[in-house]
Amino acid sequence: MNAQFEIDNPYLLLTPGPLSTSIGVRRAMQRDWCTWDQEYNLLVEDIRQRLVHLATAQVHDYTAVLMQGSGSFSVEAVLGTCIPQHGKILIIHNGAYGARMLHMAKCLKLNVVELAYAETQLPDLNDIATMLCDPQITHVACVHCETTTGLLNPIREIGALVKAKNKVWIVDAMSSFGGVPFDIDTWDIDFLISSANKCIQGVPGFGFVIAKREQLEQCQGQARSVSLDLYDQWSTMEQQPGKWRFTSPTHVVHAFHHALLELEQEGGISARYQRYLTNQQTLAKGMQALGFECVIAQNAYQSPIITTFLYPQDSKFSFEAFYLHLKNKGFVIYPGKISELACFRIGNIGEVHVQDIEHLLQAVAQYHTFAKA
Ligand SMILES: *Cc1c(COP(=O)(O)O)cnc(C)c1O
């Protein structure tokens, strides 16, 4: 952690969004901007183009839409806009964010069916293949990195089944896009959703959707909400390039643009992935050496984004005390989100480097010694 960071921030966020941002990103917010000025609209257009280029090499087939609100607003905009009145959606879920999509679908009164799995379980491809025999299903949605646990769902394999049956494929890649390399065209995703304050390392305030152009073009007039009409938001941004329909979070947009430049300077998504992976592996190994147990097996399905640890066996362990000790040492971690297990989570996305993880491990070790004394 550098000196300037410590001056500005009392602690490093080891939480997956909002996360610790760079000084440059925070500085980009220190002036006011006009929303109808061309300078701003060009910036918005540059962001949209950069997002498509980050997502795929097939840039002409895809388009990006920005949407006010946190990431969930963009998920709801997709679900509420892209499913026609007589459509039917299958939601595959194994965590809180997948369950949130189901909640949205029900609230929107969509015709919805689900495949539910425990938070520590991967979706079963045979179940999915069987379910997809229902000819009424038109759309399928699933979360890529389930931030509840840090589990990376097999989106590529699920997508192959979805596409074999010609369904529209929606992926919540909120906490993986920008931090895990993949090509949205190779994986044949129709709608990918993410937000400003995850792996691109901006600040909270808007989400975005990268959509297959020919799919989005079919969504006119289908939205079940005015503010969250993804098609209308997109067609306004296309027709009056860079214009948002309603007031946009100008400071957040500038910070995000700066964050995109920093991602490029770092070496793009593959370089960022390597940094996150080093963070995650150092964290998991170090915590295991201190006697903590990971909830998810440390294999290809453990994401480089966030790791879940069980509370230690020691009955005197208090998460509250542990949390406060780490906060005093300059690190904020996350409580667990698994219904059946006593656990906590440590994220490693954002302006977090392996030295920070090493310092964190020292602070955890100190707590252990102190707790035993
Ligand atoms: C962060 C996140 C969201 C969006 O959550 P918000 O609180 O609305 O920002 C959705 N899905 C996943 C997998 C996430 O990690």
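Both ligands and their constituent atoms are indexed starting at 1 by order of listing. Worth saying up front: this structure is predicted, and the values here are computed from it rather than measured. Both backbone and side-chain heavy atoms feed into the values below; hydrogens, waters and symmetry mates do not.
- In this structure a side-chain-to-backbone donor-acceptor pair under 3.5 Å is present from Asp183 to Ala57.
- Every residue two or more places apart in sequence or in another chain that forms a side-chain contact (heavy atoms from CB on, under 4.5 Å) with Ser74 is listed here: Met67, Ile193, Val209.
- Applying the ring pair (Phe, Tyr, Trp, His ring centres under 6.0 Å) test to residues at least two apart or on different chains, the pairs with a partner in residues 216-238 are Tyr231-Trp234.
- The immediate protein surroundings of ligand 1, defined as residues with any heavy atom under 4.0 Å of it, consist of Ser70, Gly71, Ser72, Tyr97, Arg100, Val143, Cys145, Thr147, Asp172, Met174, Ser175, Lys198.
- Each of Phe182, Tyr97, Trp169, Tyr301 was evaluated against His144; a single residue qualifies, Phe182, per the ring-ring contact (aromatic ring centres under 6.0 Å, His included) test.
- Cation-pi contact between Lys285 and Phe292: absent, since separation from the ring centre below 6.0 Å together with deviation from the ring axis within 45° is not met.
- Listed by first then second residue, pairs satisfying ring pair (Phe, Tyr, Trp, His ring centres under 6.0 Å) with a partner in residues 107-134 number zero, not counting sequence neighbours.
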